[in-house]
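Scroll down for the structure; my scribbles are underneath it.
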Amino acid sequence: MTLRNSSLVTEFIFVGFSEQSELRLPLFLLFLVIYVFTVVGNLGLITVIGLSPSLHTPMYFFLFNLSFIDLCYSCVFTPKMLNDFVSENVISFMGCMTQLFFFCFFVNSECYVLVAMAYDRYVAICRPLLYTVTMSPQVCALLMFGSYATGFAGAMAHTGSMLRLSFCASNVIDHYLCEVLPLLQLSCTSTLSNGLVFFVVVGVVIATSSISIFVSYALILSSILRIPSAEGRSKAFSTCGSHVIAVALFFGSGAFTYLTTSLPGSVDRSKYASVFYTNVVPMLNPLIYSLRNKDVKLALGRTLKRVLF
């Protein structure tokens with residue numbers, strides 16, 4: 001079945017965060033700082049992991065992919081958002097659909113990368129003697145391929161169903177990026193099937209990833225509590241701490257954004273809440289994994305010495 005676009009709308013206008021001109025410059029500077037930290041942090045982590053043989057392990061392979069996704073993810077919409085603060089906040093129809101596709105692709109992929117990282121920690125703590133065999137390079141590559149493949153499938157479902165809609169009235173999106181729900185509000189045709197696709201895809205992604213992570217950490221916790229020494233328990237907890245924080249921030253902010261969509265004033269609330277998981281979380285992840293990780297700090301020090309001296 002061929003996708004077609006019978007829309008009369010050729011471009012969309014973003015409302016953004018504020019129509020007050022005096023707030024545009026402060027908001028531009030704020031999001032520029034966040035974006036610079038996001039790019040430098042994730043690019044730095046990717047470089048350190050790539051250049052440090054001591055970090056060529058499954059755990060850091062997954063972290064490398066998480067940083068890569070966060071970097072690409074923030075580049076999908078932040079440059080456009082920054083541009084909208086200083087010029088016309090207009091995007092073409094196909095530009096909007098492209099942004100929607102990559103936004104969905106990287107968000108869905110990140111969910112499953114976090115699942116792979118939880119599974120890696122489960123094997124490391126609960127099955128340490130089988131770790132090398134279980135988390136072989138082939139298994140790690142397969143887990144990453146599965147993460148990107150499911151991300152691609154979800155993005156295709158959202159974008160494909162959106163391309164079948166007609167937009168013939170308003171073209172003003174009450175958001176700062178092309179997301180599914182704000183776009184559905186503008187369609188002049190029935191969005192029942194699109195709503196179904198949205199809730200099925202989002203429901204499957206959230207349910208499978210959150211249940212997998214929960215089960216992994218329940219087993220990890222059970223295994224840690226059986227460790228006799230306090231030092232051993234502390235060491236085991238420390239290897240999971242960064243991942244637990246990253247999962248809580250990403251899923252917590254995402255869940256708050258989408259679970260409040262049916263409440264009064266939900267459009268504005270979800271728009272501002274989405275800033276956290278679209279802008280802030282990709283900036284915080286490199287800090288969480290580097291500041292709390294001795295191996296990364298040592299590798300960073302060695303890399304800087306090689307580069308500077």
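- Between Phe276 and Val281 there is a side-chain heavy-atom pair separated by less than 4.5 Å.
- The heavy-atom pair separating Ile49 from His56 by the smallest distance is O-NE2, 3.0 Å.
- Across all their heavy atoms, Ile34 and Asn279 have their closest contact at CG2-O, 3.5 Å.
- Smallest separation of non-hydrogen atoms from Ser147 and Ser109: O-OG, 3.5 Å.
- Taking all atoms of both residues into account, the shortest heavy-atom contact from Phe68 to Tyr148 is CD2-OH, 3.7 Å.
- Hydrophobic clustering keeps Ile125 apart from Leu129 (ILVMFWY residues linked when any side-chain heavy atoms are closer than 4.5 Å, directly or through intermediates).
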Working for side-chain contact (heavy atoms from CB on, under 4.5 Å), residues Phe93 and Asn171: CA-CA 10 Å; Phe93 182 89; Asn171 67 336; over 6 Å; no
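- Under the 4.5 Å side-chain heavy-atom criterion for Ile, Leu, Val, Met, Phe, Trp and Tyr, Phe214 and Val247 are members of distinct hydrophobic clusters.
- We find the CZ-CD1 distance between Arg121 and Ile220 to be 8.0 Å, quoted to the nearest 0.5 Å.
- Note: Phe101 and Phe152 meet the aromatic proximity criterion, with ring centroids under 6.0 Å apart.
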- prompt: Does the side-chain contact (heavy atoms from CB on, under 4.5 Å) test come out yes or no for Ser74 and Asn42, once each step is laid out?
  reply: CA-CA 10 Å; Ser74 60; Asn42 284 291; 5.7 Å; no
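- Distance CE/Met117 to CG/Asn65: 9.5 Å, rounded to 0.5 Å.
- In the hydrophobic clustering of ILVMFWY residues, with side-chain heavy atoms under 4.5 Å counting as a link, Leu130 and Leu142 come out apart.
- Val86 is connected to Leu29 through a chain of hydrophobic side-chain contacts under 4.5 Å among Ile, Leu, Val, Met, Phe, Trp and Tyr, so both are in one cluster.
- Across Ser274 and His175, no two heavy atoms sit closer than the pair OG-CE1, 3.6 Å.
- Leu192 and Phe198 fall into different hydrophobic clusters, defined by Ile, Leu, Val, Met, Phe, Trp and Tyr side-chain heavy atoms under 4.5 Å apart, directly or through other members.
- Under the ring-ring contact (aromatic ring centres under 6.0 Å, His included) test applied with His243, the options Phe251, Tyr217, Tyr289, Tyr119 reduce to a single match, Tyr217.
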field: Evaluation steps, side-chain contact (heavy atoms from CB on, under 4.5 Å), between Val33 and Val36
entry: CA-CA 5 Å; Val33 169; Val36 168; 5.9 Å; no
message: Set out, in order, the CA-CA distance, both residues' side-chain angles and the distance that settles side-chain contact (heavy atoms from CB on, under 4.5 Å) for Met135 and Phe62, then state yes or no.
response: CA-CA 11 Å; Met135 299 306 294; Phe62 296 132; 3.6 Å; yes
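- In this view, Tyr122 satisfies the side chain to side chain donor-acceptor pair (under 3.5 Å) rule with no residue, not counting sequence neighbours.
- Between Cys178 and Ile91, some side-chain heavy-atom pair lies under the 4.5 Å cut-off.
- Distance check: Tyr35 OH to Phe77 CZ gives 10.0 Å after rounding to the nearest 0.5 Å.
- One finds the CD1 atom of Ile69 at 11.0 Å from the CG atom of Leu71 (value rounded to the nearest 0.5 Å).
- The distance from the CG atom of Leu82 to the CG atom of Leu27 is 10.5 Å, given to the nearest 0.5 Å.
- Aromatic pair His158/Phe103: centroids not less than 6.0 angstrom apart.
- Side-chain contact check for Tyr60 and Ser52: no donor-acceptor pair (N or O, by modelled atom type) lies under 3.5 Å.
- Here the closest non-hydrogen pair linking Val115 and Ser212 is CG1-CB, 3.7 Å.
- Glu110 CD to Cys72 SG: the interatomic distance, rounded to the nearest 0.5 Å, is 11.0 Å.
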